[in-house]
Amino acid sequence: MRRRSGITITLVPLAAALILSGCGGKAGSTEIGESHAADQASRPDTASGSGKISFTIGYASGDPATKQAIEDTIKAFMQANPDIIVQDVSETSSSAYLDWLKVKDAVGEFPDLVEMRDTEAFADAERIVPLPDELAELFDQPPRIGGKVWNAPLFVSAPQGIIYSKKAYAEAGIKTLPATYEEFLEIQDRLRASGITPLVVGGKDIFHMGFWVNKFLIDEVYAADPGWNAKRTAGEVSFTDDNVVQAMTDFKQLFRNDVDTGWLGTGDNQTASLLVSGKAAQLFSGSWMFSQIQEADPGFEFGFYAVPDRQGKLNVVGLQSPSGWSLSAQAAKEPLKKQAIEDFIRFFFSPEPYGAFLSRIDSVPSTRQEFRREAGEQMQVVLDLMADPAVTKSLMINNWWGENLIPPQFRNWFYKLLQEMVVKDGDVLEYMKRADTEYDRQVQEYWR
C-alpha cells in the first residue's frame with residue numbers, strides 16, 4: 001500500500017483496472033497475474049529440449065520503423081548469443097497497447113521483457129521489478145518512481161510537429177513557416193484552396209489521436225501548469241475550465257476543417273504513403289516517421305517544424321517519462337532467464353546496436369554515452385528544439401507520474417470521447433463535463 005495526495009491506493013482496485021473483461025469467465029473474475037503466475041510456475045529457464053535459455057519480449061509494434069529496428073536488434077543479439085532465444089510475442093493491431101498487455105496477462109502470457117508505458121500501475125500491481133543499479137546507471141537521469149528506476153528508456157521523447165510536403169507548400173504559394181498558430185491556420189486555408197487536403201491523421205489507431213490532442217493540451221494547459229493532472233485528481237481544476245475548453249475547441253475545429261475525411265479509418269502505418277502520394281500535404285507526428293517517409297519515396301522532399309501557439313511560443317513533447325524496457329516480476333525469479341534479459345538490455349544499449357536503433361527511428365538517446373551522427377535536415381530541427389532553452393518541454397497527458405499520474409484507463413477513454421465529439425459535432429463544454437464525470441469515476445474506482 002502507498003499513499004498519494006492523501007489517497008490510499010491498494011493493489012486490489014489497481015488489479016481490477018487491468019482485468020480482461022469477459023476472458024476466462026465472468027467479467028471481473030480474473031485478477032492481474034493469477035493465470036500468468038500459474039502458467040509461469042512450471043515454465044523452465046531453458047527452451048524445451050534445446051538446452052538454450054529462452055525469454056519472451058513484448059512491445060508496442062504499431063510503428064513500422066520502431067518495430068523493424070527492434071527486430072533487427074533482437075536478431076543481432078541472438079547471432080551474438082547463440083545460446084539465448086528471444087521470442088518476440090508482439091502483435092500489431094489497432095487496439096491500445098495497454099489493452100494488448102491486459103490480454104497477454106489474462107491468458108498467462110505476460111512478456112518476460114516488456115516495453116512498459118503504464119509503469120506506475122504495473123509496479124503497484126507487482127508485475128514488474130526495478131532495474132538493477134548497474135543497468136540503471138547506463139541512462140542519463142532516468143525518471144524514478146518510489147526512488148527506483150523501473151525502465152530502461154528506449155529513447156527520450158522527442159518533439160512532434162508538422163511533416164510537410166515541400167511541393168505542396170510551393171504549389172500553394174507558402175514561402176515562410178508559421179510564426180503563430182493563426183498563421184498556421186492560414187496555411188491550412190491556402191493548402192485547401194490549392195486543391196489538396198491539408199492534413200492526414202491515422203485515427204484508426206487510438207495512440208495516434210494523442211499527437212494532436214496533446215499539442216493543444218500542452219499549449220493551453222501543461223506549458224503553464226505542469227502539475228495540472230494532480231490538481232484535477234484533487235478536484236482543484238476541471239476539464240470545463242476555459243484553458244481546457246479552448247484546447248479541445250481548437251482540436252475539434254482543426255479536425256472538422258482541415259483533416260482528411262477518412263481519418264477514422266486510416267491507420268498510423270498508412271499516413272506516410274498518403275503523404276508521399278500527394279493525397280495530403282501534412283502529417284503531425286514525430287521523428288520516427290522520417291525514415292518511413294524516405295522508404296516510401298526516396299525522392300519525396302519534406303520539411304519539419306513545431307507548430308507555435310497563439311503567442312508564437314513553441315511548446316513540445318520533450319521530457320523523459322518512466323517508460324521503456326521493464327523486467328517482469330516472474331522472470332526476475334528465474335536466475336538464468338533474468339541474466340539473459342540483463343545481457344540483452346546491455347547489448348541493446350551498447351554503442352553499435354543502439355546507434356543503429358536510433359538512426360533507424362531518428363530519435364534522441366537516453367543513455368549517458370554520446371552518439372555522433374550526421375543528422376538530416378528534419379532531424380536537425382528536432383535536435384535544435386531539444387537544445388533550445390526557450391522551447392517549453394512537456395509530456396502527454398498519460399506520461400506524467402507520481403502526483404500527476406492519471407487513472408490508467410482514462411487516456412483511451414478520453415481520446416475516444418474526442419473522436420465522438422468531432423464526428424458528431426458535439427458541444428465542447430458538454431463533452432468536457434462528461435470528461436470530468438468519467439475522470440472522477442475512475443479516480444474513485446482505482447485509488448479510493
Checking the side chain of [X] only, and the main-chain atoms of [Y] only, is there a donor and an acceptor separated by less than 3.5 Å?
X    : Y    : answer
D112 : T56  : yes
E120 : G402 : yes
S326 : W150 : yes
T271 : G202 : no
D388 : L385 : no
R368 : L138 : no
S366 : P153 : yes
D205 : F207 : no
Q369 : F349 : yes

Practice task
Kindly state whether the ring of F211 and the ring of W288 have centres lying under 6.0 angstrom apart.
Solution key: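 Under 6.0 Å, so yes.
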Problem - Ring centroid separation F410 to Y446 under 6.0 Å - result: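 No, ring centres 6.0 Å or more apart.
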Nearest 0.5 Å, what's the [atom1]-[atom2] distance between [X] and [Y]?
X    : Y    : atom1 : atom2 : result
L199 : L191 : CG    : CG    : 8.0 Å
N412 : Y97  : CG    : OH    : 13.5 Å
N315 : T392 : CG    : OG1   : 4.5 Å
N257 : K252 : CG    : NZ    : 10.0 Å
I70  : S90  : CD1   : OG    : 7.0 Å
D440 : Q444 : CG    : CD    : 7.5 Å

Using a strict 4.0 Å threshold on nitrogen-to-oxygen distance, state whether [X] and [Y] make a salt bridge.
X    : Y    : result
D133 : K148 : no
K204 : D268 : no
E445 : R441 : yes

Which heavy atom of [X] sits nearest to which heavy atom of [Y], and what is that distance?
X    : Y    : result
A306 : V316 : CB-CG1, 3.9 Å
P408 : D118 : O-OD1, 4.2 Å
P111 : I57  : CB-C, 4.1 Å
V382 : A158 : CG1-CB, 4.0 Å
D258 : T197 : O-CG2, 4.3 Å
A272 : I293 : CB-CG1, 4.1 Å

Within a reach of under 6.0 Å around [atom1] of [X], are more than 12 heavy atoms found that belong to other residues, nucleotides or ligands?
X    : atom1 : value
K166 : NZ    : yes
D242 : CG    : no
E420 : CD    : yes

Handout entry: side chain to side chain contact (heavy atoms under 4.5 Å, CB included), paired with L358, selected from S363, P353, S287
Key =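 Of S363, P353, S287, side chain to side chain contact (heavy atoms under 4.5 Å, CB included) with L358 is met by S363 alone.
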Under the rule for salt bridge (Lys or Arg N to Asp or Glu O under 4.0 Å), what residues qualify as partners of [X], not counting sequence neighbours?
X    : answer
D384 : none
K167 : none
R411 : none
K231 : D225

Exercise for the section: Decide side-chain contact (heavy atoms from CB on, under 4.5 Å) for I163 and F304; before the verdict, give the C-alpha distance in whole Å, the side-chain angles of both, and the deciding distance to 0.1 Å. Expected result: CA-CA 5 Å; I163 303 171; F304 176 82; 3.8 Å; yes
[Y] and [X] aromatic ring geometry - parallel, tilted or perpendicular at 30°/60° bounds:
X    : Y    : answer
F239 : F414 : tilted
F184 : Y305 : perpendicular
F216 : F251 : perpendicular
F300 : F302 : parallel

Handout entry: Steps toward side-chain contact (heavy atoms from CB on, under 4.5 Å) verdict (I196, R190)
Key = CA-CA 9 Å; I196 190 171; R190 297 182 72 168; over 6 Å; no
Does [X] have any side-chain contact (heavy atoms from CB on, under 4.5 Å) partners at least two apart in sequence or in another chain, and if so, which?
X    : result
L395 : L319, S321, N399, W400, W401
V317 : S157, I218, M396
E430 : D427, K433
Q68  : E71, D72, R360

Problem - Pairs involving residues 305-323, ordered by first then second residue, that meet salt bridge (Lys or Arg N to Asp or Glu O under 4.0 Å) (sequence neighbours left out) - result: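 Residue pairs with at least one partner in residues 305-323: E220-R310, D250-R310.
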Handout entry: Summary of salt bridge (Lys or Arg N to Asp or Glu O under 4.0 Å) pairs that have at least one residue in residues 135-145, sequence neighbours excluded
Key =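 Matches after skipping sequence neighbours: none remain.
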Exercise for the section: Tell me, with the steps shown, if T233 and Y439 meet side chain to side chain donor-acceptor pair (under 3.5 Å). Expected result: CA-CA 8 Å; T233 299; Y439 192 93; 2.7 Å; yes
Practice task
Kindly state each residue pair satisfying side chain to side chain donor-acceptor pair (under 3.5 Å) with at least one member in residues 172-188, sequence neighbours excluded.
Solution key: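 Only Q188-Q282 qualify under side chain to side chain donor-acceptor pair (under 3.5 Å).
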Practice task
Indicate whether any N or O donor in one side chain lies under 3.5 Å from an N or O acceptor in the other, for Y59 and D88.
Solution key: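 Per modelled atom types, Y59 and D88 side chains form a pair under 3.5 Å.
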Practice task
Please assess F139 against Q320 for the test side-chain contact (heavy atoms from CB on, under 4.5 Å), listing each intermediate value before the final yes or no.
Solution key: CA-CA 11 Å; F139 305 99; Q320 288 208 58; over 6 Å; no
Exercise for the section: Apply salt bridge (charged side-chain N to carboxylate O under 4.0 Å, His left out) to the pair K102 and D105, showing each step before the final yes or no. Expected result: CA-CA 5 Å; K102 287 159 52 182; D105 185 77; over 6 Å; no
Practice task
Please assess L185 against L254 for the test side-chain contact (heavy atoms from CB on, under 4.5 Å), listing each intermediate value before the final yes or no.
Solution key: CA-CA 8 Å; L185 292 181; L254 186 76; 4.2 Å; yes
Practice task
Please name all residues satisfying ring-ring contact (aromatic ring centres under 6.0 Å, His included) with Y415, sequence neighbours left out, ordered by chain then number.
Solution key: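 None.
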